[in-house]
Protein chains: 2
Amino acid sequence: MKKEKVLNLLKRKNVKPSVQRMEILNYIVENKNHPSVDEIYSHLNKKIATLSKTTIYNTLKILCKKNILTEILIEEDEVRFDYMEKPHIHFKCKSCNKIYDVFKKCPLINCKKIEGHKIEEYHIYLIGTCKNCYKDD
Amino acid sequence: MKKEKVLNLLKRKNVKPSVQRMEILNYIVENKNHPSVDEIYSHLNKKIATLSKTTIYNTLKILCKKNILTEILIEEDEVRFDYMEKPHIHFKCKSCNKIYDVFKKCPLINCKKIEGHKIEEYHIYLIGTCKNCYKDD
DNA sequence: TTTTAATTTGTAATTATTACAAAATTGAAA
DNA sequence: TTTCAATTTTGTAATAATTACAAATTAAAA
């Protein structure tokens, strides 16, 4: 994603841009496999030597609150993050541990209510073996 | 669930029964709102004064491995557990924090493969406001 | 009973995340 | 440009769920 696009996205959602915020958001948007906080840190640390993990946590929290990102709770021990342009499904491969985006439609996502409960968020997580790992058997 | 049913369930799935294992499994099966480890501990501690949290963690791990329970990753900071007789959806209320089971059918649950990936587990989490909290507005 | 194996327990270690306050940076006003 | 206030970033320390591990207990087998 172009620098300008990230900048505009932040502005549009009322998040004051900064070098750190732009880099963090950009890395998540670019990297499709939903990097962990550690991965984000390791990668960006090369560019921004003074970067702190606390900044990453702070930024991610803001970006979620402003609905730019969504938390993915597919891993047991850490949170992942998702830039969701359109609603989609997540598939985690048990073997290689990658998290794929799947854009198959699910009628559930159009429901506003279910058994009387008002739905505000949809999280669909599938777990199994991805096509790359599967063929190695 | 009757004592004997829990016992048979454990035996059938090749888990050696014990007082602790039966009580833990029974509590999860009986309590429909998916108690946390802390809640399980607090409740069963009254019955089994010597109970240790480590035993609960050990037992839950075994029960998951033997496919008697499934992990629910709907909470950000702790794991919940589910006794899944038939596949269903989970709905978490943001307001009262209860986790409901919803038995509406979703065609996704019949898919064995998606975009070439082999599916082994289905986790569908909806988040919003439940019907009890909603009407208080 | 004696012995062996499995389970339970308590403590200490691990690890992701948060709280907090100092340092650095930004942006506007003078 | 300089000054000053507000915001952001950073590092350290605290928190809390989970796990590792070994001793104690219990159950099963001989």
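Order of the sequence lines fixes the chain letters, A, B, ..., with proteins taken first and strands second; residue numbering starts at 1 for each chain.
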Do any N or O atoms of the protein come closer than 3.5 Å to N or O atoms of nucleotides 12-14 of chain D, and which pairs are they?
unit_1	atom_1	unit_2	atom_2	d
dT12(D)	O4	T54(A)	OG1	3.4

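- Under a cutoff of 6.0 Å and an axis angle of 45°, K92(A) and Y125(A) do not form a cation-pi pair.
- Note that CD1 of I24(B) and NE2 of H43(B) are 12.5 Å apart. Values are rounded to the nearest 0.5 Å.
- Checked by atom type, the side-chain pair H88(B)/D82(B) shows a donor-acceptor distance below 3.5 Å.
- T70(B) OG1 to F81(B) CZ: the interatomic distance, rounded to the nearest 0.5 Å, is 10.0 Å.
- Judged by distance alone, the side chain of K32(B) and the main-chain N or O of V29(B) form a donor-acceptor pair under 3.5 Å.
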Quick one: which protein N/O atoms are closer than 3.5 Å to N/O atoms of nucleotides 4-7 of chain C? Pair and distance per line, please.
unit_1	atom_1	unit_2	atom_2	d
dT7(C)	OP1	R21(B)	NH1	3.0

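- Side-chain nitrogen and oxygen atoms of Y57(A) include at least one within less than 4.0 Å of the OP1 or OP2 phosphate oxygen of dT17(C).
- For the pair K118(B) and Y134(A), the cation does not sit on the ring face, since its NZ or CZ is not both under 6.0 Å from the ring centre and inside 45° of the axis.
- Between T59(B) and E76(B), the residue anchored closer to the 5' end of DNA chain C is T59(B), taking for each the nucleotide with the nearest heavy atom.
- Using modelled atom types, one finds a donor on one side chain and an acceptor on the other under 3.5 Å when comparing E120(A) with T129(B).
- Among the nucleotides dT10(D), dT9(C), dA16(C), the one closest to the side chain of I48(B) is dT9(C).
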